[in-house]
There are 2 protein chains.
Amino acid sequence: MAVRKLGRTPYKQQIADDLREQIADGSLSPGDQLPTEAELEKRYGVARGTVRQGIEILINEGLVVSARPKGHFVRERKPMVFRPQAEFRPRPYTPEMDAFMTESSADGREARQTIEVSIVEAPAEVAKRLQLDAGQLVAVRRRVRFLDGEPFNINDSYFPLDLVQDSEIMRPQNITQGANEVLADLGYRQVRALDELYVRMPTPEEVKRLDLSPGTPVGYHVCTGFTEEGKAVRVAVTVLPGDRHVVSYERRRETDPAS
Amino acid sequence: MAVRKLGRTPYKQQIADDLREQIADGSLSPGDQLPTEAELEKRYGVARGTVRQGIEILINEGLVVSARPKGHFVRERKPMVFRPQAEFRPRPYTPEMDAFMTESSADGREARQTIEVSIVEAPAEVAKRLQLDAGQLVAVRRRVRFLDGEPFNINDSYFPLDLVQDSEIMRPQNITQGANEVLADLGYRQVRALDELYVRMPTPEEVKRLDLSPGTPVGYHVCTGFTEEGKAVRVAVTVLPGDRHVVSYERRRETDPAS
DNA sequence: AAGTGGTCTAGACCACAAT
DNA sequence: TTGTGGTCTAGACCACTTT
């Protein structure tokens, strides 16, 4: 049981490896409490700081969470599916609900979202994709979505201000038929979208808004929608906590001659 | 300059926040060295351990890397685009190259990959998607791809053994026209693919194979290819380091009546 | 009151690469 | 040889929740 003295692997590594192994082989199941730090101190014969460094490794791998002051626990995961394609699908009419709400409540979960609408200077990232000059104004709908009371993802949608001024998009409420449909009614039907997905660690702000535990990376999904004429009319930025999402989509073979 | 005594934010947090701020506002640019630990110790008036904890936070956010024993540095990023759609596109004929190699060298970078082929019992994850029973045998092509000498991603492709036995897929060499084409020649042309993308921290094994630095999450991309008849004939698992990739794809509006 | 983890200190020794 | 960060120890005090 003593884990000291080995090749030249640091103790903290050995401790992390040992516990990770126990998680992998089921000796420790999701939801189980790890031995207390005091206990591990004795088991491995090292100082408390070293035990903590070992646990720290597992926390940063997303395998363990700390529930103070109860102890450390093996993390449980229950990702939900995220389908970018859903945005383009026709949807049933359900007043006071938009795509997210509709999809989610279909799963029998309690869906809710907060909405803020404001007018801001386009962030560089957005301006570039909307083919605007830096500093031009855009309308933004910021939403935080909750599922069963837990924050689930962030979705900020940007629109060129002149397109949506005075439209339903500017009102901080759910849009029954979806913002895309409103945009279409205004003469800007989107027929094509470019999706980009980045994988990175969250910013401190994202950690707060989404209540992320350490070791949780996020997907950063940027979707730019274009009209038939090739005009970019919408940029949607979605932040997807890795522990709550699977991005899923389907593809069909492109028409390609031969080969 | 002294950062002590504040509301009740831990010193290590204040230190991390201070340095993060400097990175954000450009006082510290990508590639710059951070002040040494000894220097920060003096600047903030705390013990070295506390300084290290502050830096640790930034490392786990992926903002800082340690280049021992030179010092800590602001991380540089240069993601490359990853396009799942590329697999389905017709490609120019270039002997000894497959999709990855072709795409990459088009960018003027030196591409290389290692290939191992073996026959294994299907891992549960793969068996499920190939609609096989647990423990059935599959052929797997494991590749590690390098760009300019750096490991770039891992791609493991699984095929039901009976489909590909004795085909070119079993040989540990580049497949000129692509494995999908070989499969098509064998009578299993894929017309549809289901993509799933998970975002998580890497396993220690992935860290080693891809030489990831701490604070680097990965995208875990599982692509299942189906024939016209709906038979799953291929599962490709790709591990994409977040600091080297952007996943990108395009969508067109699905044909939907009205709404 | 007891027990958990969270933070911090002070000091020690080590490995590694540049000088 | 020097200076960097990496590891480890021993001990202290704190905050929070449960008992």
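All values below come from the heavy atoms of this structure, side chains included, with hydrogens, waters and symmetry mates left out. Order of the sequence lines fixes the chain letters, A, B, ..., with proteins taken first and strands second; residue numbering starts at 1 for each chain.
Partners of B/E206 under the salt bridge (Lys or Arg N to Asp or Glu O under 4.0 Å) rule, at least two apart in sequence or in another chain, are B/R200. Under the side-chain hydrogen bond (donor to acceptor under 3.5 Å, both in side chains) criterion, B/D156 pairs with no residue at all, not counting sequence neighbours. The salt bridge (Lys or Arg N to Asp or Glu O under 4.0 Å) search around B/E196 returns B/R129, not counting sequence neighbours. Under the rule for a side-chain hydrogen bond (donor to acceptor under 3.5 Å, both in side chains), A/T224 has no partner lying at least two apart in sequence or in another chain. B/R77 pairs by the side-chain hydrogen bond (donor to acceptor under 3.5 Å, both in side chains) definition with nothing, not counting sequence neighbours. By the side-chain hydrogen bond (donor to acceptor under 3.5 Å, both in side chains) test, A/E125 pairs with A/Y220, sequence neighbours left out.
Comparing C/dG5, C/dC8, D/dT7 by their closest approach to the side chain of A/P10 singles out D/dT7.
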Identify every side-chain donor-acceptor pair in residues 24-35 of chain B under 3.5 Å, counting partners at least two apart or on other chains, and give the distances.
unit_1, atom_1, unit_2, atom_2, d
B/D25, OD1, B/S27, N, 2.8
B/D25, OD1, B/S27, OG, 2.5
B/D25, OD2, B/S27, OG, 3.4
B/D32, OD2, B/S29, N, 2.9
B/Q33, NE2, B/K70, O, 2.9

Output side-chain donor-acceptor pairs under 3.5 Å for residues 46-54 of chain A, partner residues at least two apart or in another chain, one line each.
unit_1, atom_1, unit_2, atom_2, d
A/R48, NE, A/E37, OE1, 2.8
A/R48, NH2, A/E37, OE1, 3.2
A/R52, NH1, A/E37, OE2, 2.7

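For the pair A/R145 and A/F152, the cation-pi test (distance below 6.0 Å, angle within 45°) is failed.
The side chain of B/T50 contributes no N or O atom lying less than 4.0 Å from OP1 or OP2 of C/dT7.
Classification of B/R244 and B/E150 as a salt-bridged pair fails, no side-chain N sitting under 4.0 Å from a carboxylate O.
Remark: nothing in residues 54-64 of chain B comes within less than 4.0 Å of DNA chain D through any heavy atom. Residues from residues 204-216 of chain B that place a heavy atom under 4.0 Å from any atom of DNA chain D: there are none. Within residues 31-38 of chain B, the residues that place at least one heavy atom under 4.0 Å from DNA chain D are, in residue-number order, B/T36, B/E37.
If you check the side chains of B/D195 and B/Y249, you find no donor sitting under 3.5 Å from an acceptor.
B/Y11 has its OH atom 10 Å from the C1' atom of C/dT7, to the nearest Å. Between the P atom of D/dC16 and the NE2 atom of A/H72 lies a distance of 17 Å, rounded to the nearest Å. Following rounding to the nearest Å, A/Q14 (CD) and D/dT7 (P) show an atom-to-atom distance of 12 Å. B/K42 places its NZ atom 12 Å from the P atom of D/dG3, with the value rounded to the nearest Å. For A/Q53 and D/dC8, the CD to P distance is 7 Å, given to the nearest whole Å. Protein atom NZ of A/K12 is 12 Å distant from nucleotide atom P of D/dT9, rounded to whole Å. Straight-line distance from the CZ atom of B/R52 to the C1' atom of C/dG11: 15 Å, rounded to whole Å. With rounding to whole Å, B/I15 atom CD1 is found 12 Å from C/dT7 atom P.
Contact of the B/E39 side chain with the B/Y44 side chain is not registered, since no non-hydrogen atoms from C-beta on lie closer than 4.5 Å. Side-chain contact check for B/V218 versus A/V199: every heavy-atom pair is 4.5 Å or farther apart.
No side-chain donor-acceptor contact under 3.5 Å links B/H221 to the backbone of B/A236.
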Considering only nitrogen or oxygen atoms on both sides, find all protein atoms under 3.5 Å from nucleotides 12-18 of chain C and state each distance.
unit_1, atom_1, unit_2, atom_2, d
C/dA12, N6, B/R48, NH1, 3.3

